[in-house]
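The structure appears below as structure tokens.
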Amino acid sequence: MQKKAKLILTEAKEAFEKSPTTKLLYDLKVKYLGKQGLFSELMKGLGKLSKEDRPQVGKEVNIVKNELESAYQVRLQQLDDLEMNKKLQTEHLDLTLPGPDAPRGNQHPLTQTMQEIVGILSKIGFTVRTGPLIETDWYNFEALNIPKDHPARDMQDTFYIDDTHVLRTHTSPVQIHTMQDEKPPIRILSPGSVFRCDADVTHSPNFYQIEGLLIDKDVSMAHLKGTISFFVKQYFGTKIKTRFRPSFFPFTEPSAEVDCSCPQCNGKGCRICSHTGWIEIGGSGLVHPNVIKSAGLDSDEFTGYAFGFGVERMAMIKYGVDDIRLFNENDVRFLGQFN
Ligand code: PHE
């Protein structure tokens, strides 16, 4: 048996040596060393030997088998080296070629819109101030001159957390926080999430507003109009006009709704502006004396204006988006267009 093993070894070694490729070498490995290979076949003969002879013969045959395995490894290394050298000589790698394109994300259109609005108004001295998303009834309503049972509470369908806490329905409570913390003159912007129990093509239960507040002495509607007209021209384009419509908010007096001429059709009338040529972008007015008082400031000394714009609305108008839900669906085909 040992002799037979040696014969196989000599034959296999020679075959390995002659094998020109790793692929053929592998086939030879299977032939000699595989589970059904010649060596395994030979090992079956061990069972026919006497108990005394078996260990010694087995040991010797194993040594031969190990020798064959290392012969295989040596040849494999040789062939690998040869194949690599050949590749290096024939194939050229251009390390200066640009790599494959990695897909790049971009900021969410609403983030971009808020940053753009902040960017414009920061040029005229506004700084950013944020407030909590969960407010007490007092900050969200009462301090803003909306007493309990006031019909104005119905203007905003509120998510109540408990008897005294709500998810803020607008960014206006930040007006109160700011007046409590800072001394006039105050000039702040407050972008952020707000919540209302409302959902359709143009309303989302969670949307964004950007609040503006200026508190100083002798502030008038003219200041408010000047600021908003400046902003609209900067944001939508110099041709876009601003219009103020008398309105009502409990926290401003007088109050005005702000419209701009439709940037999609230049005021001619289209689907985006419901064929009126004008689009509403938010509410505004002079801060009600009760609001200034409830924040702890002297309403005889200080006056101010405030405005609140819908961020989705601004983006929809500027880019001609007709469904507010697109902003929350996270579809990269939509989001990627704002790159
Ligand atoms: N808070 C009002 C709203 O959400 C908007 C507004 C802000 C109006 C500031 C006037 C002044 O509808």
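In listed order, ligands and their atoms are each counted from 1.
- Looking at S255 against ligand 1, nothing comes within 4.0 Å, counting heavy atoms.
- Within ligand 1, counting atoms from 1 as listed, the ones closer than 4.0 Å to a heavy atom of G283 are 6 (C), 8 (C), 10 (C).
- Those atoms of ligand 1 that come under 4.0 Å of a heavy atom in R196, given as number and element, are 3 (C), 4 (O), 12 (O).
- Contact atoms of ligand 1 toward G308: 6 (C), 7 (C), 9 (C) (distance under 4.0 Å to a heavy atom of the residue).
- A 4.5 Å side-chain heavy-atom check between T303 and L286 finds every atom pair outside the cut-off.
- Here F251 has side-chain heavy atoms under 4.0 Å from ligand 1, and that is the only part of it that gets that close.
- At under 3.5 Å, a nitrogen or oxygen of Q209, whether backbone or side chain, sits near a nitrogen or oxygen of ligand 1.
- Under 3.5 Å, the side chains of N85 and Q89 contain no donor-acceptor pair of N or O atoms.
- By the salt bridge (Lys or Arg N to Asp or Glu O under 4.0 Å) test, D323 pairs with R325, sequence neighbours left out.
- Considering only heavy atoms from C-beta on, W278 comes within 4.5 Å of R243 through its side chain.
- Taking R54 as the reference, nothing meets the salt bridge (Lys or Arg N to Asp or Glu O under 4.0 Å) condition, with sequence neighbours excluded.
- The side-chain heavy atoms of D162 and T164, taken from C-beta on, include a pair separated by under 4.5 Å.
- Looking at ligand 1, you'll find an N or O of H170 within less than 3.5 Å of one of its N or O atoms.
- Remark: ligand 1 atoms within the under-4.0 Å shell around heavy atoms of S172 are 1 (N), 7 (C).
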